[in-house]
There are 2 protein chains.
Amino acid sequence: MGYSQAQKKENHERIVSIAATRFREAGLDGLGVAAIMKEAGLTHGGFYAHFGSRDDMVAQALEFAFQEDEERLSRAMGRRGGPSLDAFLEVYLSPAHRDTPGQGCTLAAVACEAARKDETVKRLFQNRIETYAIKLAPQLGLTEEQMLMVLSTVAGALVLSRTVEDSAMSDRILEGARHQLRACFAEQKKGGKAPPSSMYSVA
Amino acid sequence: MGYSQAQKKENHERIVSIAATRFREAGLDGLGVAAIMKEAGLTHGGFYAHFGSRDDMVAQALEFAFQEDEERLSRAMGRRGGPSLDAFLEVYLSPAHRDTPGQGCTLAAVACEAARKDETVKRLFQNRIETYAIKLAPQLGLTEEQMLMVLSTVAGALVLSRTVEDSAMSDRILEGARHQLRACFAEQKKGGKAPPSSMYSVA
DNA sequence: AGATTAATATGATAATCATCATGCAGATGG
DNA sequence: CCATCTGCATGATGATTATCATATTAATCT
């Protein structure tokens with residue numbers, strides 16, 4: 001058909017954005033090149049005009065996904081009066097987050113598979129985790145070590161809550177993690193308490 | 001060739017056992033029927049004499065894997081003077097556990113993928129998690145809710161520790177979780193302290 | 001021992017996969 | 001306005017997949 005360079009950039013970004021969502025939903029190996037291109041309104045043949053290989057696209061999609069995660073989390077906490085441990089727990093451990101993995105934390109969505117991927121993927125994960133430990137920790141009033149532990153807990157709880165059949169059990173996993181974490185870090189009680197609404201929602 | 005019923009049972013168990021290990025290493029979709037049968041010393045054709053479908057084998061392998069997990073964990077804590085929170089944390093959060101997923105916790109190995117599987121798989125996961133909450137919690141002196149939170153933390157930490165490139169960072173994730181969890185549940189200090197050796201090792 | 005049964009091997013099928021070669025159509029540069 | 005370049009479509013390739021039909025061969029039963 002013939003496409004402008006602006007079109008190409010737009011197409012490229014759409015492919016990456018769609019891949020970021022679908023990978024969180026179906027896993028890094030969960031869908032093929034053709035399916036992603038089709039959802040972007042293109043055919044599979046043009047794929048290699050954008051990426052050197054499928055692994056290359058996975059890396060770009062993960063980078064994009066992590067950036068999305070950070071922005072969404074920041075906005076969601078902003079809606080709860082700014083960053084705080086309480087706001088973080090409420091946002092991250094919400095049933096809405098559990099039920100919409102495509103819009104949720106990429107770490108929790110694909111970590112098990114990432115553990116088996118190459119160093120390129122692992123470096124992206126490491127950067128994301130370090131961002132939590134270095135950038136987010138002080139905003140929540142936590143040390144790096146505390147932040148790593150809190151992240152492990154919430155990500156683990158989210159993943160486990162998605163693996164059980166019974167929804168009551170799933171809720172207990174999320175609620176239990178929130179309640180226990182609050183008890184662990186109960187030094188500085190805050191006053192404001194936003195109503196428990198849904199997480200990671202629209203801007 | 002012709003095989004006795006005892007042979008068939010033995011072959012069946014070997015297939016399931018091999019699958020349990022390989023699924024933990026490569027993921028539930030990480031290797032095909034042919035590869036598993038080959039490792040069991042058989043060819044792919046005989047597969048459907050043992051299982052109705054690949055999903056059927058996945059379910060049997062998970063059931064077997066969870067049973068293995070429970071027994072190995074019990075033995076490993078036994079080697080540290082019996083079940084206790086300290087023993088559990090030392091065993092579960094060891095670098096040896098992180099580095100040998102094939103012999104380690106199945107929850108941590110494949111939870112992200114299990115979240116996308118059908119109810120059959122989810123029921124197996126739920127049973128496993130309930131076993132932690134009901135059977136193991138009292139042995140560690142924890143409530144069910146505390147046990148769920150501890151399980152979320154250790155599983156999350158193990159998964160995350162496997163996703164990073166730098167081994168020092170990986171160690172920090174494990175150590176941080178152990179240190180912080182100990183601080184959270186520091187009511188009843190025990191006396192005995194086994195040397196930190198490797199986890200989930202031979203009987 | 002001979003007949004039957006059944007566990008596994010051989011081989012085929014159809015689907016799906018990543019990757020690439022070719023060609024077209026339109027955008028870009030003169 | 002013409003020539004070139006290129007983003008994408010069409011279609012092919014070879015590898016891998018789960019599944020199954022048939023053949024083989026030894027264990028089991030009578």
Side-chain angles (χ1 to χ4, degrees), chain A residues 1-62 64 110 113-114 116-118 120-121, chain B residues 1-23 25-62 110 113-114 116-118 120-121:
Chain A
M1 297 175 181
Y3 297 79
S4 69
Q5 290 182 358
Q7 268 282 350
K8 176 174 186 178
K9 191 182 174 199
E10 195 182 311
N11 284 341
H12 188 98
E13 286 168 357
R14 194 168 62 253
I15 296 168
V16 170
S17 170
I18 287 170
T21 299
R22 292 288 170 261
F23 283 159
R24 279 184 287 226
E25 290 172 354
L28 300 179
D29 299 323
L31 68 167
V33 166
I36 291 168
M37 293 297 279
K38 184 173 184 180
E39 187 164 349
L42 303 172
T43 56
H44 65 277
F47 180 82
Y48 292 88
H50 290 281
F51 309 97
S53 69
R54 190 183 183 279
D55 281 349
D56 181 23
M57 181 199 54
V58 170
Q60 290 191 37
L62 279 177
F64 181 87
V110 300
E113 302 159 76
R116 302 175 209 115
K117 296 244 170 256
D118 63 13
T120 304
V121 168
Chain B
M1 297 174 181
Y3 296 78
S4 69
Q5 291 183 354
Q7 267 282 351
K8 176 174 187 178
K9 190 181 174 200
E10 194 181 312
N11 284 342
H12 188 98
E13 285 169 357
R14 193 169 62 253
I15 296 168
V16 169
S17 168
I18 287 169
T21 299
R22 291 288 171 261
F23 282 159
E25 289 172 355
L28 299 180
D29 300 322
L31 67 166
V33 167
I36 292 168
M37 293 296 280
K38 184 174 184 179
E39 187 164 348
L42 303 172
T43 56
H44 65 277
F47 180 81
Y48 292 88
H50 290 281
F51 309 97
S53 69
R54 191 182 182 280
D55 281 348
D56 181 24
M57 180 197 56
V58 170
Q60 290 191 36
L62 279 177
V110 299
E113 302 160 76
R116 302 177 210 113
K117 297 244 171 251
D118 64 13
T120 304
V121 168

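Bear in mind that the values here come from a model prediction, so they are computed numbers and not experimental data.
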Measure the distance from [atom1] on [X] to [atom2] on [N] and round it to the nearest whole Å.
X	N	atom1	atom2	value
A/Asp55	C/dA18	CG	C1'	10 Å
B/Phe47	D/dT17	CZ	C1'	12 Å
A/Lys9	C/dA27	NZ	P	19 Å
B/Asp56	D/dT19	CG	P	10 Å
A/Gln7	C/dT28	CD	C1'	15 Å
B/Ile36	D/dT16	CD1	P	16 Å
B/Lys38	C/dT8	NZ	C1'	17 Å
A/Leu42	C/dA25	CG	P	18 Å

Legend entry - Close side-chain approach of A/Phe51 and A/Ile15, heavy atoms under 4.5 Å: yes
Legend entry - Given D/dC8, D/dT19, C/dA7, the nucleotide with the shortest approach to the side chain of B/Lys8: C/dA7
Inset, instruction - Can you figure out which of D/dA18, C/dT19, D/dC8 approaches the side chain of A/Ser53 most closely? - result: C/dT19
Pairs under 3.5 Å (N/O, protein and nucleotides 10-12 of chain C):
{"from": "C/dG11", "atom 1": "O6", "to": "B/His44", "atom 2": "NE2", "distance (Å)": "2.7"}

Inset, instruction - Determine the minimum heavy-atom distance between B/Ala61 and B/Ala20, stating which atoms define it. - result: O-CB, 3.7 Å
Inset, instruction - Starting from the C-alpha separation in whole Å, work towards a yes-or-no answer on side-chain hydrogen bond (donor to acceptor under 3.5 Å, both in side chains) for B/His50 and B/Gln60. - result: CA-CA 11 Å; B/His50 290 281; B/Gln60 290 191 36; over 6 Å; no
Legend entry - Sidechain-backbone polar pair: A/Lys117 side chain, A/Leu28 backbone, donor-acceptor under 3.5 Å: no
Legend entry - Residue-phosphate contact under 4.0 Å: B/Tyr48 side-chain N/O, D/dC20 OP1/OP2: no
Inset, instruction - Using a cut-off of strictly less than 4.0 Å, decide whether B/Asn11 has a side-chain nitrogen or oxygen near OP1 or OP2 of C/dA7. - result: no
Legend entry - Name of the residue among B/Arg14, B/Lys8, B/Lys9 meeting side chain to side chain donor-acceptor pair (under 3.5 Å) with B/Asn11: B/Arg14
Inset, instruction - Sequence neighbours left out, what pairs pass ring pair (Phe, Tyr, Trp, His ring centres under 6.0 Å) with at least one residue falling in residues 19-41 of chain A? - result: none
Side-chain donor-acceptor pairs of residues 35-48 of chain B under 3.5 Å, sequence neighbours excluded:
{"from": "B/Glu39", "atom 1": "OE1", "to": "B/Arg22", "atom 2": "NE", "distance (Å)": "2.9"}
{"from": "B/Glu39", "atom 1": "OE2", "to": "B/Arg22", "atom 2": "NE", "distance (Å)": "3.2"}
{"from": "B/Glu39", "atom 1": "OE2", "to": "B/Arg22", "atom 2": "NH2", "distance (Å)": "2.5"}

